[in-house]
Amino acid sequence: WIPDSVTKISNGSFSCSWIESVRLSDNLITIEDDAFPGCDYLKRINIPDSVTRMGVNVFSNSPMLTELKLPDSVTEIGSHFCQQCENLRNLKLSKGMTVVPECAFNACSSLEIVTIPASITKIEMDAFRKCDNIKSVYYDGSEADWAKIEFGTGNEALQNAEIIFN
């Protein structure tokens, strides 16, 4: 449990820790780079609506994480954000985001369901590379809006999944 007085989780705070779940402060605003990487036992984390920015490699190499919902308050995540979380199955991106950065979910090989808000205008190179099990993408916008998204290379698994429009 993180006390409500905490507004920022610093670089490397929980790197390679034995935690299974975390309750974050309702006053948390920023989760910096490398805050939770390599947390082999992290299964769930509830990110409060107060968080606006999450850095690079925040949850990378956390193999037990199965679901991640980014609250709509999040406007930015860093590259390699959740890379190699091989048991991540369900992902919901924030409506506050406009870009999915490079390698953000690279090698999340069990990822099956992705929910993407209409606010996304760019999905950078390899954001969903090696995510070959994506079955369904729930997109909050129209087919015309989807066609306007700028896709970097290496996102074919996402683009070739069944797209379910709003």
Side-chain angles (χ1 to χ4, degrees), residues 9 11-12 14-17 30-45 47 51-166:
I9 294 179
N11 185 317
F14 295 95
S15 183
C16 295
S17 71
T30 303
I31 300 175
E32 292 188 343
D33 298 350
D34 300 303
F36 293 92
C39 287
D40 289 340
Y41 301 96
L42 182 64
K43 294 178 183 175
R44 60 192 166 274
I45 187 159
I47 301 166
V51 174
T52 59
R53 184 188 173 282
M54 301 176 80
V56 174
N57 286 320
V58 170
F59 298 112
S60 62
N61 298 302
S62 295
M64 299 304 288
L65 193 62
T66 59
E67 183 175 9
L68 186 61
K69 293 179 183 177
L70 299 178
D72 292 339
S73 58
V74 173
T75 59
E76 177 186 357
I77 62 172
S79 64
H80 306 273
F81 174 73
C82 204
Q83 177 175 267
Q84 294 181 338
C85 290
E86 57 258 359
N87 284 306
L88 184 67
R89 287 177 169 71
N90 193 339
L91 170 66
K92 182 178 186 257
L93 297 176
S94 166
K95 290 180 180 178
M97 293 172 55
T98 58
V99 174
V100 180
E102 178 180 349
C103 297
F105 302 97
N106 178 36
C108 290
S109 56
S110 296
L111 191 58
E112 295 178 351
I113 298 170
V114 181
T115 302
I116 299 178
S119 60
I120 297 292
T121 59
K122 184 176 185 178
I123 298 177
E124 293 184 348
M125 181 176 74
D126 297 332
F128 291 94
R129 183 174 171 257
K130 296 183 182 177
C131 295
D132 297 328
N133 285 314
I134 297 176
K135 291 179 174 66
S136 302
V137 175
Y138 292 89
Y139 180 63
D140 287 342
S142 67
E143 192 169 350
D145 293 334
W146 179 260
K148 293 176 188 174
I149 295 174
E150 180 184 341
F151 284 93
T153 59
N155 292 302
E156 291 79 14
L158 181 77
Q159 293 172 280
N160 294 331
E162 176 187 19
I163 312 297
I164 301 160
F165 300 100
N166 182 13

Do the side-chain N and O atoms of Asn11 and Glu32 include a donor-acceptor pair separated by under 3.5 angstrom?
-> no

Does Asn87 reach the main-chain N or O of Pro63 with its side chain, forming a donor-acceptor pair under 3.5 Å?
-> yes

Side chains of Asn61 and Pro37 in contact at under 4.5 Å (non-hydrogen atoms) | no

From Lys122 NZ over to Glu150 CD, what is the distance, rounded to the nearest 0.5 angstrom?
-> 4.5 Å

Whether Asp126 side chain and Glu102 backbone form a donor-acceptor pair below 3.5 Å | no

Checking side-chain contact (heavy atoms from CB on, under 4.5 Å) against Ile120, which of Val100, Val99, Thr98 comes through?
-> Val100

What pair of heavy atoms forms the shortest contact from Met97 to Ser119, and how long is it?
-> O-OG, 2.6 Å

Give the minimum heavy-atom separation between Ala35 and Ile9, together with the two atoms involved.
-> CB-CG2, 3.9 Å

What distance do Gln83 atom CD and Ser62 atom OG have between them, rounded to the nearest 0.5 Å?
-> 11.5 Å

Using 30° and 60° as the class limits, which term best fits the ring planes of Phe59 and Phe81: parallel, tilted or perpendicular?
-> perpendicular

Any donor-acceptor pair under 3.5 Å from Asp33 side chain to Val56 backbone | yes

N/O donor-acceptor pair under 3.5 Å between Thr75 side chain and Gly96 backbone = no

For the residue pair Phe36 and Phe14, categorise the inter-ring angle as parallel (less than 30°), tilted (30 to 60°) or perpendicular (more than 60°).
-> parallel

Check: Asn166 side chain, Gly141 main-chain N or O, donor-acceptor pair, under 3.5 Å | no

Within-4.5 Å side-chain heavy-atom neighbours: Leu42 and Met64 | no

